[in-house]
Amino acid sequence: MLVRDAMTTVVLTIGPTHTLRQAAALMSARRVGAAVVHDPDAGGIGILTERDILNSVGLGQDPDTERAHAHTTTDVVFATPAWTLEEAARAMAHGGFRHLIVLDDDEPAGIVSVRDIIRCWVPARRQVPA
């Protein structure tokens, strides 16, 4: 199975000046764990994850004043739609992260998460008649 079969194609994209609270609200409303941060001034595409927001709040930083750019991972490992799920899982395990931005022709085409991979690898639970 390939990344294209598992990835989420609706990508939440935010700007570098969004506050962490704004980012968290958007992520929560869309029920996603990561946002692509597009910052043409800083070299392009980064990722902000729920863990980045949690770490900031855990340090006592104010989510109303902290900006996405200060917490964005810019050293991103990108996947392609043609990667196998094994390749994606290996990259995540090696890098210690749970989301990969999927690029197609150098543009974000989706995000694949550990949850997406598990959903593909583990068959859905069947309802057992009572």
Side-chain angles (χ1 to χ4, degrees):
M1 191 166 274
L2 302 177
V3 165
R4 76 170 45 94
D5 302 317
M7 69 184 193
T8 302
T9 57
V10 177
V11 178
L12 173 60
T13 302
I14 64 172
T17 60
H18 276 80
T19 66
L20 292 187
R21 184 174 308 280
Q22 290 169 324
L26 290 167
M27 291 164 64
S28 178
R30 299 223 180 138
R31 300 178 48 89
V32 298
V36 171
V37 180
H38 185 259
D39 188 355
D41 295 333
I45 299 171
I47 190 166
L48 179 74
T49 68
E50 57 201 357
R51 183 167 295 173
D52 298 322
I53 296 169
L54 182 66
N55 287 340
S56 174
V57 171
L59 289 171
Q61 297 173 335
D62 184 353
D64 290 314
T65 59
E66 288 295 313
R67 302 293 173 176
H69 68 83
H71 302 277
T72 298
T73 300
T74 55
D75 184 20
V76 179
V77 174
F78 297 102
T80 71
W83 275 21
T84 65
L85 294 184
E86 289 81 8
E87 288 173 301
R90 192 174 305 112
M92 290 177 188
H94 179 74
F97 44 80
R98 299 179 295 165
H99 300 86
L100 285 170
I101 298 173
V102 182
L103 292 184
D104 195 8
D105 293 328
D106 294 326
E107 292 294 322
I111 291 184
V112 65
S113 69
V114 170
R115 181 176 290 173
D116 296 328
I117 293 171
I118 290 170
R119 190 176 15 245
C120 289
W121 282 350
V122 178
R125 248 198 288 185
R126 285 193 231 167
Q127 295 292 334
V128 179

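Residue numbers run from 1 in the order of the sequence given. Bear in mind that the values here come from a model prediction, so they are computed numbers and not experimental data.
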| field | By side chain to side chain donor-acceptor pair (under 3.5 Å) - contacts of Thr73 (at least two apart) | value | none
| For the hydrophobic clusters of this structure (ILVMFWY residues joined by side-chain heavy atoms under 4.5 Å, transitively), does one cluster hold both Val37 and Leu103? | no
| task | Answer yes if Met92 and Val122 sit in the same cluster of Ile, Leu, Val, Met, Phe, Trp and Tyr residues linked by side chain heavy atoms under 4.5 Å apart, and no otherwise. | result | yes
| remark: When rounded to the nearest 0.5 Å, the distance separating CH2 of Trp121 from CE of Met1 is 11.0 Å
| Same cluster for Val32 and Val11 if Ile/Leu/Val/Met/Phe/Trp/Tyr side chains link at under 4.5 Å? | no
| request: Scan residues 88-99 for pairs that pass side-chain hydrogen bond (donor to acceptor under 3.5 Å, both in side chains), counting only residues two or more places apart or in two chains. | output: Glu50-Arg98
| So do Arg115 and Ile118 actually touch side chain to side chain, heavy atoms under 4.5 Å? | no
| query | Going from CG on Leu2 to CE on Met7, what distance comes out if it is rounded to the nearest 0.5 angstrom? | reply | 10.5 Å
| field | Spacing of Ile101 atom CD1 and Ile47 atom CD1 [to the nearest 0.5 Å] | value | 4.5 Å
| query | Arg21: what forms a side chain to side chain donor-acceptor pair (under 3.5 Å) with it, not counting sequence neighbours? | reply | Asp64
| How many angstroms lie between atom OG1 of Thr74 and atom CD1 of Ile45, to the nearest 0.5 angstrom? | 12.0 Å
| field | side-chain hydrogen bond (donor to acceptor under 3.5 Å, both in side chains) contacts touching residues 2-15 (sequence neighbours left out) | value | none
| field | Heavy-atom closest pair, residues Glu66 and Ser56 | value | CG-OG, 3.9 Å
| request: Scan Val102, Leu100, Val36 and name whichever one has a side chain to side chain contact (heavy atoms under 4.5 Å, CB included) with Ile111. | output: Val36
| query | With a 4.5 Å heavy-atom cut-off, do Val57 and Leu20 have their side chains touching? | reply | no
| Is there a side-chain contact between Val3 and Thr80 (heavy atoms, below 4.5 Å)? | no
| field | Any residue meeting side chain to side chain donor-acceptor pair (under 3.5 Å) with His69, in chain and number order, not counting sequence neighbours | value | none
| task | Taking the side chain as every heavy atom from C-beta outward, state whether Ile53 and His71 have any pair of such atoms under 4.5 Å apart. | result | no
| task | Mind listing the closest non-hydrogen atom pair of Gln61 and Pro63 along with its distance? | result | O-CD, 3.3 Å
| Considering all heavy atoms of both residues, which atom of Cys120 and which atom of Leu85 are nearest to each other, and what is their separation? | CB-CD1, 3.7 Å
| query | Is atom CZ of Arg51 surrounded by more than 12 heavy atoms (other residues, nucleotides or ligands) closer than 6.0 Å? | reply | no
| request: Determine the minimum heavy-atom distance between Ala68 and Ile14, stating which atoms define it. | output: CB-CD1, 4.0 Å
| Does Thr49 have any side chain to side chain donor-acceptor pair (under 3.5 Å) partners at least two apart in sequence or in another chain, and if so, which? | Asp52
| Heavy-atom pair with the smallest gap, counting every atom of Ala91 and Trp83 | CB-CZ3, 3.9 Å
| field | Closest non-hydrogen atom pair between Asp104 and Ala109, with its separation | value | CB-CB, 3.8 Å
